[in-house]
Amino acid sequence: MKRIPKGRVTTYKIIAERLGCRAYRAVGNACRRNPNPPVIPCHRVVGSDGGIGGFGGETSGSKIRKKIRLLEEEGVEVKNNKIVNFDRVLCRL
DNA sequence: GCTTTGACTCTCG
DNA sequence: TCGAGAGCCAAAG
């Protein structure tokens, strides 16, 4: 996750694939638990559909909004918690 | 040690 | 196109 270049995003699926498993949920779990908040850019990890996902009911809350803002700052367009230019910013690693 | 749940994904109806 | 079900891995109860 830390290898995700700035201005790019990836999906849980891809991360799991890179891990050699299908632990999509485990990845999301690790993010949710976020063992290392400062070094883990969870906001750069999205769903296969380019959606940030549902977040503890804060899908449209302030925490997500901030991450969205961060992505936009990096050049990732986000609309309604979804990656707009998903194909362009998606990092397949 | 087994069961439940989760920021997931895929397939079928 | 949308909803429901199954599969997957890991952490918490």
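Excluded from the calculations below are hydrogen atoms, water molecules and symmetry mates; all remaining heavy atoms, backbone and side chain alike, are included. Here is the naming used below: chain letters follow the sequence lines, and residue numbers restart at 1 for every chain.
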Say you draw a straight line from SG of Cys42(A) to CE of Met1(A); how long is it, rounded to the nearest 0.5 Å? 5.5 Å
Looking at Lys13(A), does any N or O in its side chain come under 4.0 Å of the phosphate oxygens OP1/OP2 on dC10(B)? yes
Do any N or O atoms of the protein come closer than 3.5 Å to N or O atoms of nucleotides 3-5 of chain C, and which pairs are they?
none

side-chain hydrogen bond (donor to acceptor under 3.5 Å, both in side chains) partners of residues 8-30 of chain A, not counting sequence neighbours, each pair once: Asn29(A)-Arg32(A)
Atom-to-atom span, CG of Asp49(A) to P of dT11(B) - whole angstrom: 15 Å
Just the table, please: protein N/O against nucleotides 7-13 of chain C N/O, every pair under 3.5 Å.
| unit_1 | atom_1 | unit_2 | atom_2 | d |
| --- | --- | --- | --- | --- |
| dG7(C) | O6 | Arg25(A) | NH1 | 2.5 |
| dG7(C) | N1 | Arg25(A) | NH1 | 3.0 |

Distance, rounded to the nearest Å, where Lys66(A) contributes NZ and dA7(B) contributes P: 20 Å
Leu70(A): what forms a side chain to side chain contact (heavy atoms under 4.5 Å, CB included) with it, not counting sequence neighbours? His43(A)
Excluding sequence neighbours, so at least two apart, what forms side chain to side chain contact (heavy atoms under 4.5 Å, CB included) with Lys66(A)? none
Do any pairs count as a side-chain hydrogen bond (donor to acceptor under 3.5 Å, both in side chains) and have a residue in residues 83-93 of chain A, sequence neighbours left out, and if so which ones? none
Set of residues satisfying salt bridge (Lys or Arg N to Asp or Glu O under 4.0 Å) with respect to Glu72(A), sequence neighbours excluded: Arg69(A)
Can I get a per-line list of side-chain donor-acceptor pairs under 3.5 Å for residues 44-52 of chain A, giving both atom names and the distance, sequence neighbours left out?
| unit_1 | atom_1 | unit_2 | atom_2 | d |
| --- | --- | --- | --- | --- |
| Arg44(A) | NE | Glu74(A) | OE1 | 3.0 |
| Arg44(A) | NH1 | Ile4(A) | O | 3.0 |
| Arg44(A) | NH2 | Glu74(A) | OE1 | 3.4 |
| Arg44(A) | NH2 | Glu74(A) | OE2 | 2.8 |
| Asp49(A) | OD1 | Gly51(A) | N | 3.0 |

Interatomic distance, Ile40(A) CD1 vs dA7(B) P [rounded to whole Å]: 18 Å
Starting from P on dG6(B), measure out to CD1 on Ile52(A) and report it in whole angstrom. 20 Å
Walk me through whether Val27(A) and Leu19(A) qualify under side chain to side chain contact (heavy atoms under 4.5 Å, CB included). CA-CA 10 Å; Val27(A) 176; Leu19(A) 293 176; 4.2 Å; yes
Spacing between Met1(A) atom CE and dA7(B) atom C1', to the nearest angstrom: 10 Å
Does a side-chain N or O from Ser48(A) land closer than 4.0 Å to OP1 or OP2 of dT9(B), or not? yes
